[in-house]
Colleague: 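Pasting a structure here, questions to come.
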Amino acid sequence: MICNNLSVNEVGHLCFAGRDVTELAQKYATPLYLLDEDKIREKCRIYTKAMKTSFGEEALPLYAGKALCIKDIYRIMREEGMGIDVVSSGEIFTASQGGFPMERAYFHGNNKTDADVAYAMDAGVGYFVCDNEEELFAIEQAAKARGMIQKILIRVAPGIDPHTHKAISTGSIDSKFGAAIETGQAGELTALALQQPHVSLEGYHCHIGSQIFETEPFVDAAAIMIQFIATVREYLGYTAKELNLGGGMAVRYLEDHPNIDYANNIAVIADKMKHICAHYDLPMPRVRMEPGRSIVADAGMTLYTVGTLKTIPNFRSYVSIDGGMPDNPRYALYESPYTVVTANRMNDDKDTVCTIAGRCCESGDLIQEGVKLPKPQRGDILAVLTTGAYNYSMASNYNRIPRPAMVRLCGGEDQLILRRETFEDLIKNEI
Ligand code: LLP
């Protein structure tokens with residue numbers, strides 16, 4: 001199986017984090033998100049250990065909460081000693097409510113409003129990742145008004161185009177994020193930041209994209225960033241103390257996806273950075289990375305109940321489930337691959353090629369195509385694996401479908417951490 005938290009028990013049922021998921025589907029109803037807390041902790045520790053070993057004790061992984069933003073995740077991040085990446089006042093609020101120490105938070109976004117800037121400062125967010133000139137001035141003003149100095153990083157577009165879906169590639173020059181090195185704008189923003197009395201420029205940030213399997217684009221981005229730091233020292237006499245390399249390392253969604261050795265990737269990146277720093281006689285900066293997907297994706301699973309099987313001769317078989325694009329829009333948006341299995345009949349022959357369809361009034365509401373399953377029957381439980389990242393966080397109420405519940409699995413116990421939305425929830429903001 002694609003992850004070591006999956007197994008099959010003696011009655012042929014899928015188990016996740018050691019629990020029979022067919023039983024969980026009966027207990028909590030479907031659609032249902034499951035979350036394996038031990039897996040999340042394991043991933044945090046892989047990053048923390050690898051970063052401290054490769055970059056030194058000051059290095060820190062920051063969990064990118066956009067992948068899954070709920071209060072409970074910030075309890076885990078606090079306990080694991082992680083930092084966090086936040087992208088909106090709503091994420092800051094959620095993390096604060098989860099008891100996260102906000103001095104270890106980095107605030108992202110290409111358009112922080114004045115209200116966001118004020119909210120983040122009042123919440124004690126440690127670092128702003130400053131995207132542009134207007135934001136820099138807004139931070140300066142807000143910090144001045146509060147009689148404080150705000151630490152920032154500047155977001156830089158390193159000009160890297162990794163092999164990933166266009167919609168989740170962010171590091172090229174033509175991007176809405178950050179200031180590009182090649183155009184000279186990253187250097188200009190640096191000079192401006194150094195003139196602001198209430199802003200302390202700590203260094204730089206870059207993020208090249210998401211779901212990237214290769215190590216090379218990360219190594220290249222790190223190399224470009226160190227060269228940039230060296231150039232800035234030469235022209236402006238400023239030496240960056242911190243370098244944040246963003247997130248983006250891939251996870252396995254399919255059996256034929258390669259296994260990713262995160263620790264090894266980190267070691268390779270560190271080697272290259274040390275080499276270039278030595279070449280320019282630069283001190284190694286403090287390093288941050290921002291994994292989101294690779295922390296939570298395989299800690300998640302979604303369970304659905306099969307409603308119908310519709311076979312259209314000479315075309316295909318649609319199996320319809322009780323969820324779909326409202327709880328997982330990723331196939332509709334990016335044609336993202338997923339492994340789908342019949343949780344209550346894991347040992348049966350997979351004799352039917354199916355298109356998994358949701359129940360929205362929209363043909364594009366699919367979860368996956370070309371999936372081999374035992375001939376689906378009404379009442380079967382389908383498990384879509386690796387849904388911990390960018391599923392609940394991107395969920396909607398399209399077609400007025402309430403969002404599913406979420407159950408946390410930990411130490412053999414199951415605990416409801418998110419109640420299923422009700423119809424009342426759907427209209428609660430209507431006046
Ligand atoms: N840091 C920054 C500045 C980011 O923009 C992102 C993701 C991350 C870190 C975390 O990247 P990760 O380690 O999760 O790849 N909705 C898309 C993914 C969008 C990613 C946006 N930024 C999806 O479902 O695939």
Side-chain angles (χ1 to χ4, degrees), residues 40 43-44 46-47 51 60-69 73 77 82-88 91 105-112 127-132 135 152-158 160 162-172 175-179 204-215 217-218 221 225 243-253 257 260 262 265-266 269 287-300 302 325 327-338 367-368 384 386-396:
I40 296 174
K43 290 298 198 55
C44 291
I46 289 173
Y47 268 98
M51 286 186 66
L60 185 69
L62 318 175
Y63 166 65
K66 69 208 81 181
L68 175 64
C69 186
I73 208 99
M77 295 307 144
M82 301 275 288
I84 57 168
D85 144 352
V86 288
V87 294
S88 67
E91 284 196 3
Y106 287 65
F107 187 20
H108 282 278
N110 62 308
N111 185 17
K112 302 174 187 79
Y127 294 75
F128 279 56
V129 181
C130 177
D131 187 274
N132 54 64
E135 181 189 327
I152 69 161
L153 302 179
I154 287 177
R155 175 144 185 180
V156 170
I160 297 258
H163 303 127
T164 190
H165 194 285
K166 193 165 56 58
I168 56 176
S169 166
T170 52
S172 54
S175 166
K176 70 170 180 167
F177 298 106
Y204 297 101
H205 171 279
C206 68
H207 170 79
I208 56 174
S210 198
Q211 186 61 0
I212 300 165
F213 281 101
E214 304 93 337
T215 314
F218 296 106
M225 293 301 290
L243 177 58
N244 182 329
L245 296 170
M249 287 195 203
V251 300
R252 279 184 95 195
Y253 286 97
H257 280 164
I260 294 152
Y262 300 102
N265 276 358
I266 290 168
I269 297 166
V287 177
R288 305 286 180 259
M289 289 178 120
E290 296 172 332
R293 187 191 310 271
S294 51
I295 298 287
V296 289
D298 49 21
T302 311
M325 66 188 291
D327 64 79
N328 182 359
R330 297 194 66 255
Y331 191 78
L333 279 173
Y334 323 113
E335 292 184 4
S336 306
Y338 280 105
I367 291 288
Q368 205 60 205
V384 179
T386 328
T387 59
Y390 304 110
N391 274 232
Y392 176 65
S393 67
M394 293 176 76
S396 74

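When a ligand or atom number is given, it counts from 1 through the structure's own listing order. As the structure is a prediction and not an experimental result, all values here were calculated from the model.
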Colleague: Counting distance only, does the side-chain N/O of Gln368 pair as donor-acceptor with the main-chain N or O of Ser336 below 3.5 Å?
Modeller: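 Checked: pair present.
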Colleague: Out of curiosity, is Ser294 lining ligand 1, as in a heavy atom under 4.0 Å away?
Modeller: no
Colleague: I'd like to know if the side chain of His207 and the backbone of Gly247 have a donor-acceptor N/O pair within less than 3.5 Å.
Modeller: yes
Colleague: His205 to ligand 1: N or O pair under 3.5 Å?
Modeller: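 Between His205 and ligand 1 (N or O atoms, distance only) the closest approach is not under 3.5 Å.
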Colleague: Compare every heavy atom of Met249 with every heavy atom of Ile266, then report the nearest pair and how far apart it is.
Modeller: CG1-CE, 4.1 Å
Colleague: Just by distance, do the side chain of Asp85 and the backbone of Leu62 share a donor-acceptor pair under 3.5 Å?
Modeller: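 No, the answer is negative, given that no donor and acceptor are paired below the 3.5 Å cut-off.
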Colleague: With a 3.5 Å distance limit and no angle check, can you tell me whether Lys43 reaches the backbone of Ser294 through a side-chain donor-acceptor pair?
Modeller: yes
Colleague: Under a 3.5 Å distance rule, please check whether Asn132 uses its side chain to pair with a backbone N or O of Asn110 as donor and acceptor.
Modeller: yes
Colleague: Treating Thr386 as the side-chain partner and Asp298 as the backbone partner, does any N or O pair qualify as donor plus acceptor under 3.5 Å?
Modeller: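 A pair under 3.5 Å: no.
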Colleague: Examine the proximity of ligand 1 to Phe177 and report which part, side chain or backbone, both or neither, has a heavy atom under 4.0 Å away.
Modeller: neither
Colleague: For ligand 1, does Glu290 get within less than 4.0 Å through its side chain, its backbone, both, or neither, judged by non-hydrogen atoms?
Modeller: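 Both the backbone and the side chain of Glu290 come within reach of ligand 1.
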Colleague: Would you mind running through ligand 1 and noting each atom that sits below 4.0 Å from a heavy atom of Asp85?
Modeller: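 Listed by number with element, the hits are 1 (N), 2 (C), 9 (C).
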Colleague: Out of all atoms in ligand 1, which are within 4.0 Å of some heavy atom of Tyr334? Include the element for each.
Modeller: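 Counting from 1, the qualifying ligand atoms are 16 (N), 17 (C), 23 (C), 24 (O), 25 (O).
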Colleague: If we set the cut-off at 4.0 Å for heavy atoms, which region of Val129 has an atom near ligand 1: side chain, backbone, both, or neither?
Modeller: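 It is neither; nothing of Val129 touches ligand 1.
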Colleague: So, Ser393 side chain and Cys69 main chain: donor-acceptor pair closer than 3.5 Å or not?
Modeller: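 Checked: no pair found.
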Colleague: Do any nitrogen or oxygen atoms of Arg155 lie less than 3.5 angstrom from nitrogen or oxygen atoms of ligand 1?
Modeller: no
Colleague: Between His207, Met394, Arg293, Gln211, which one has a non-hydrogen atom sitting closest to atom 11 (O) of ligand 1?
Modeller: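 Closest candidate by heavy-atom distance is His207.
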Colleague: Looking at Phe107, does the NZ or CZ of Lys112 lie under 6.0 angstrom from its six-membered ring centre and within 45 degrees of the ring axis?
Modeller: yes
Colleague: Out of all atoms in ligand 1, which are within 4.0 Å of some heavy atom of His108? Include the element for each.
Modeller: 3 (C)
Colleague: Within the structure, does Ala64 bring an N/O atom to less than 3.5 angstrom of an N/O atom in ligand 1?
Modeller: no
Colleague: Of all the atoms in ligand 1, which lie at a distance below 4.0 Å from a heavy atom belonging to Arg330?
Modeller: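 Atoms satisfying the 4.0 Å criterion: 23 (C), 24 (O), 25 (O).
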Colleague: For ligand 1, is any non-hydrogen atom under 4.0 Å from Ala67's backbone (N, CA, C, O), its side chain (CB onward), both, or neither?
Modeller: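 Looking at Ala67 and ligand 1, no heavy atom falls under 4.0 Å.
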Colleague: Quick one: which ligand 1 atoms are inside 4.0 Å of a heavy atom on Pro291?
Modeller: 13 (O)
